[in-house]
There are 4 protein chains.
Amino acid sequence: MIIVMQKNATEDQIKKVCEMVENAGLGVHLSRGTDITIIGVIGDRRLLADKPIELMDGVEKTVPIVEPYKLASRTFRPEPTVIKVGDVLIGGDEFVVMAGPCAVESREQLLETAEIVKKCGAKVLRGGAFKPRTSPYSFQGLGEEGLKILAEARERTGLPVVTEVTSTEAVDKVAEYADILQIGARNMQNFQLLRAAGRTGKPVLLKRGMSATIEEWLNAAEYIMNEGNFQVILCERGIRTFEPMTRNTLDLSAVPIIKHISHLPVIVDPSHGTGHWRWVTPMSRAALAAGADGLIIEVHPNPQEAMSDGPQSLKPENFRLLCEELKKIAPIVGRSM
Amino acid sequence: MIIVMQKNATEDQIKKVCEMVENAGLGVHLSRGTDITIIGVIGDRRLLADKPIELMDGVEKTVPIVEPYKLASRTFRPEPTVIKVGDVLIGGDEFVVMAGPCAVESREQLLETAEIVKKCGAKVLRGGAFKPRTSPYSFQGLGEEGLKILAEARERTGLPVVTEVTSTEAVDKVAEYADILQIGARNMQNFQLLRAAGRTGKPVLLKRGMSATIEEWLNAAEYIMNEGNFQVILCERGIRTFEPMTRNTLDLSAVPIIKHISHLPVIVDPSHGTGHWRWVTPMSRAALAAGADGLIIEVHPNPQEAMSDGPQSLKPENFRLLCEELKKIAPIVGRSM
Amino acid sequence: MIIVMQKNATEDQIKKVCEMVENAGLGVHLSRGTDITIIGVIGDRRLLADKPIELMDGVEKTVPIVEPYKLASRTFRPEPTVIKVGDVLIGGDEFVVMAGPCAVESREQLLETAEIVKKCGAKVLRGGAFKPRTSPYSFQGLGEEGLKILAEARERTGLPVVTEVTSTEAVDKVAEYADILQIGARNMQNFQLLRAAGRTGKPVLLKRGMSATIEEWLNAAEYIMNEGNFQVILCERGIRTFEPMTRNTLDLSAVPIIKHISHLPVIVDPSHGTGHWRWVTPMSRAALAAGADGLIIEVHPNPQEAMSDGPQSLKPENFRLLCEELKKIAPIVGRSM
Amino acid sequence: MIIVMQKNATEDQIKKVCEMVENAGLGVHLSRGTDITIIGVIGDRRLLADKPIELMDGVEKTVPIVEPYKLASRTFRPEPTVIKVGDVLIGGDEFVVMAGPCAVESREQLLETAEIVKKCGAKVLRGGAFKPRTSPYSFQGLGEEGLKILAEARERTGLPVVTEVTSTEAVDKVAEYADILQIGARNMQNFQLLRAAGRTGKPVLLKRGMSATIEEWLNAAEYIMNEGNFQVILCERGIRTFEPMTRNTLDLSAVPIIKHISHLPVIVDPSHGTGHWRWVTPMSRAALAAGADGLIIEVHPNPQEAMSDGPQSLKPENFRLLCEELKKIAPIVGRSM
């Protein structure tokens, strides 16, 4: 960290800041410019995390140099993390497509969808049993009943299952049935939930919050990893901007950035990221081309009858066509599928 | 709701949409323009909440006409809601200032601050025992120990206490000690937490999410109210924008809008809303002038030693000066303080 | 357009709104719901463009149904517009790469870059002679001298030239030298400049404004087209969001949306869109995969010595590698290159 | 400026960066941390403005310490700038209200409005003759005819006139009639226009761009001031965010920030800032309370018949009531009116 002193800072003020830094167990390097004196802090700035240095007399501002997260950083672990779920490896050579309905609506609906997505090339089955909804008057999911149906679908198809957990109470229950625990965008900074999910030891799919910076997102991953669980899959799902034609703005540039600064795998959710099935196919291709490790896509046998997110769900035939395109693009960008 | 058909929609497609609406128990009103046919849906659109009408053949888009929330709306309850906490009325004539440290750090720190803010004119004491922090390496609060200190401060000063609850497990514990439960911005759409807080029957201070629209914020209030608890205080605390000079952009225009479309009281948090003590005083005055029902302000006896949010905490002397200004402005905008 | 009346609107108020609409030469269709009356306006809503209907007594709000632009819409022209520049067709089967330095810095620099990008596969040469810069203390371009160098490079390489015009006075001068006039993001709503560029009859590359919605962007195109010039190439170059790790957030979902609602070609600028050369290659691939008609990329023989935008410029070798990848992906998404 | 080297930067790389800095005429101060070496640049970083230092081998990133603008900064000029327009002083003790219609529509309309706003307490008359409109099909203003009407209104009422200039060609013509030249939000980075307006020597009211940071806004002022014209009035008019209930989000916190970091006066436009007359009164009071030097408000004798921006225009009676409230609040925050 660097501490920038005010133009008119006195010698005494500079001295006091240096003392404070040294008392925290850190080194100090003083740099006097023509106008401004700068104090370089040598050592781990986390030792100063909660000190309001900006308030000390004579201090203009502080500038962080090293990122606040550690375990999620490529500096900490230079090789990419590959996560094994059943026979599937996420974060390795394979481009992994996860697919299924937004919500588990019934046994028939889920089993049918599971068979379809498997046949097209999906390697993981998605489906929501606990649905966080903006309005209390919307369908809230089947709960444990939905989890059981997901488990049955896994039994039949061999596809591992990813499903969302929305409360700490439900973590153990969901972990009992699911292969991957999903933390939704709205809960990205629900720190109790992050910790609880981390403690299960199961892989966690962590969606980016609607207005989370990439740094905050990695800090959220840090909460999970800090529990000793390094199996975190990041999922870009669109951020909130002023553009009304899409439900969110899918920030695909987050993909190469994450691959560069973190060792964690990153996948893309083009269904929530755009909010309309029509943009799912082009943005899925784009995600692969941008370097993502996989996709999570909403597919419904009959979107017109879907109980949630129908407008952004692909029909089976469109999903099949998309997978065929992806299989052709994958080898060009060094991926198998 | 209005359903806009595509330019080339067939008679058959129009007929099918009308049937679907009528089957849901709603009325239909057909309007044929030169190019476009529009279907007006007569009745409560919540009956169609989960139907993906946009996916029916021939449909261009749907346009909501009535807001999705009900209990939080002024249409539902035309008179303003006034919430009684101890002897304090929130949402009435009085402009209510809540103040205290970001986090309870120690018995001495809190008791000292409580005395100070009371003397200056605060009517409610704030202080965090459970702190949601971006990084797992930051101070996370004293937990139940903090709650006990808050209760002792109430005992001594008579000030009711508002404190944050960050998990469903802690709701009962926090409700035991606090007079008002605070739901933080990061948890605005933690729907399990909203429901649990609602069920306590205690007043709930609901902060606006960092990227929540006003409509989503009122939908979150609806979750609490749907549990039979109408004592919700909304709190504007800044939204996330591209401007880096403030921690958030305080959206004061939300204040008159909320007062117009909802009956719930709305207060302002200029400390988080700006992120720097220097802007707290002018923005506090502005909040009062914009019509807010109160403020929640971070005050620390010695911000330089604060364990969290020091840079945005007012010193006691600045808080005293602010309260004196507020007392002078209040009567001009029809308020007492 | 639909006019939504207030819940308690009187018969007289409804009547007056209907009369106003009819007096403007439009038809009216009345729809009475249980609570709310809705007035459908039949005909071209542009006839009501400047009427503040929302202010009439009893009116709750108005809801537009048809988009405000006309010439840029696919409804107006169902087939895609293909623009011929020299031997290059933009908006057809070919995926067109435009490349060159941010700014023309010298004859040597530009001629060298032109040869390089041509050899790699670029079909249009870019280079700025007039540079709009955030600070008046930054390099502002070579002006007409730069235009002459661009013309010489075209002479030598046969590549048509795209260059930015930043003021109405310079439009004729720039049109004399350039094959495509570029309107930069900061000038997207400089309506005098749009009109002047339109009147030259030359193809215009219109960049999306930093905070422009897709609808506003198409409205800006409408200003050019309204001068009788239909040769408009849209260029997505990133929008402003809260994310600090990229200079802008490249909104690739705008690509399939534009292709769906407009007949105009759309290309992508990953250099400004991300602000760092490291993300240019993955986002270029993604743009192609998302359905863009081309790219405009900053390439510099020696980015370390660039006088502007060095950090986001590709080195020749990286540009060559990128073009080879693009050539492989193109046929899979139905493109030639 | 500070240059942060990569963790594994070599001695040779560090040496080369230092040489480059010294060759640019600047000093160097080396600070070696446990992991990371930091190079402090001593002197005016504008000398390095166009050097892409980030691209040098071994460099991680650069961190600016001093702001990029100079003339607009309080460091350059510690006392507030007060601008004299006729008998009015802007930026001094007086809180200055500017008011009038969005557009000059006719002689009668403007003269009537001028009399009204003067009587209520406005000190400057606003009115648009050249209207930048999102759609080419909207009313574009009366042009020079409008300027003449504005001059006549000044003649009759004694109120100085502020009006927008939208193109460099029109600058001289507008300067002939107007007392203050307004640069609109869409033209905040139309640098040719900024320079041309600067050269007239007339006071310039510079609106903040829709997605401009405060730093970019001051850089735009720098373009005007760099022409030797220090009479710049900044005007906050709302920024673009995700919130759809207001046309823009009025960023009132920009007011105290500008007053702190710049010597220029800053006023607020609550009409564009909110987009609806209902929020103009509370946000006007808030602007005064936040420390603004004045307001610019749209007033129309009959908003229902306004040819542009009717929904956000105050009726005369509401404007009168607002001015009375402002007169009462002003002395409390140290202002006269």
Side-chain angles (χ1 to χ4, degrees), chain B residues 67 208-218 236 238-261 268 270 273-292 324-334, chain D residues 67 208-218 236 238-261 268 270 273-292 324-334:
Chain B
E67 64 274 5
R208 181 179 184 180
M210 236 169 276
S211 58
T213 62
I214 293 172
E215 188 174 294
E216 289 167 339
W217 189 15
L218 290 172
E236 161 66 32
I239 56 173
R240 183 147 277 187
T241 71
F242 57 82
E243 174 57 57
M245 284 209 193
T246 38
R247 185 167 164 185
N248 295 286
T249 295
L250 192 66
D251 180 13
L252 281 186
S253 50
V255 169
I257 292 175
I258 290 285
K259 298 301 287 181
H260 187 65
I261 64 178
V268 171
T274 66
H276 198 283
W277 67 269
R278 207 186 288 278
W279 325 128
V280 168
T281 292
M283 297 313 280
S284 294
R285 291 189 311 238
L288 167 55
E324 290 188 9
E325 288 187 310
L326 295 174
K327 283 171 193 165
K328 287 183 201 148
I329 297 173
I332 300 173
V333 294
Chain D
E67 64 274 6
R208 182 180 185 180
M210 235 167 276
S211 59
T213 62
I214 292 171
E215 186 174 296
E216 289 168 339
W217 188 17
L218 290 172
E236 162 65 32
I239 56 174
R240 183 148 278 187
T241 71
F242 58 81
E243 174 55 57
M245 284 208 192
T246 39
R247 184 167 164 185
N248 295 286
T249 296
L250 192 65
D251 180 12
L252 281 186
S253 50
V255 169
I257 291 175
I258 289 285
K259 299 301 287 180
H260 186 67
I261 65 178
V268 171
T274 64
H276 198 283
W277 67 269
R278 205 184 290 276
W279 326 128
V280 168
T281 292
M283 296 312 280
S284 294
R285 292 189 310 237
L288 167 54
E324 290 187 9
E325 287 187 309
L326 295 173
K327 283 171 194 164
K328 288 183 202 148
I329 298 173
I332 300 174
V333 293

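Residue numbers start from 1 in every chain, and the chains themselves are labelled A, B, ... in the order their sequence lines are given, proteins ahead of strands.
- For chain D, no part of B:Val255 is nearby; none of its heavy atoms comes within less than 4.5 Å.
- Interface check for chain D: of the options B:Ala287, B:Gly291, B:Ser253, the most heavy-atom pairs under 4.5 Å are formed by B:Ser253.
- A distance of 9.0 Å separates CG of D:Asp251 from CD1 of B:Ile239, quoted to the nearest 0.5 Å.
- When B:His276, B:Lys328, B:Lys259 are compared by the number of non-hydrogen pairs under 4.5 Å with chain D, B:Lys328 comes out ahead.
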Working note: D:Thr213 + B:Met245, criterion side chain to side chain contact (heavy atoms under 4.5 Å, CB included); need CA distance, chi angles, decisive distance, verdict. CA-CA 8 Å; D:Thr213 62; B:Met245 284 209 193; over 6 Å; no
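- Heavy atoms closer than 4.5 Å to chain D are found in the side chain of B:Ile261, but not in its backbone.
- The residue among D:Arg208, D:Glu325, D:Arg240 with the most heavy atom pairs within less than 4.5 Å of chain B is D:Arg208.
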Hey, mind stepping through B:Ile332 and D:Arg285 against side chain to side chain contact (heavy atoms under 4.5 Å, CB included) and telling me if it holds? CA-CA 10 Å; B:Ile332 300 173; D:Arg285 292 189 310 237; over 6 Å; no
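- B:Pro270 does not touch chain D: none of its heavy atoms, backbone or side chain, sits under 4.5 Å away.
- If you measure heavy-atom distances from B:Ala212 to chain D, the contacts under 4.5 Å come from the backbone alone.
- There is no contact between B:Ser284 and chain D, counting heavy-atom distances below 4.5 Å.
- Rounded to the nearest 0.5 Å, atoms CG (D:Leu250) and CG (B:Leu252) are 8.5 Å apart.
- Shown here for D:Ala289 and B:Ala289, the closest heavy-atom pair between the two residues is CB-CB, 3.9 Å.
- Only the side chain of B:Thr241 comes within contact range of chain D, with at least one heavy atom under 4.5 Å from a heavy atom of that chain.
- Counting all heavy atoms, side chain and backbone alike, B:Met283 lies closest to D:Pro256 at SD-CG, 4.4 Å.
- Contact annotation for D:Ser211: both backbone and side-chain heavy atoms come within less than 4.5 Å of a heavy atom of chain B.
- In this structure, D:Ile257 and B:Thr246 have side chains that are in contact, with non-hydrogen atoms separated by less than 4.5 Å.
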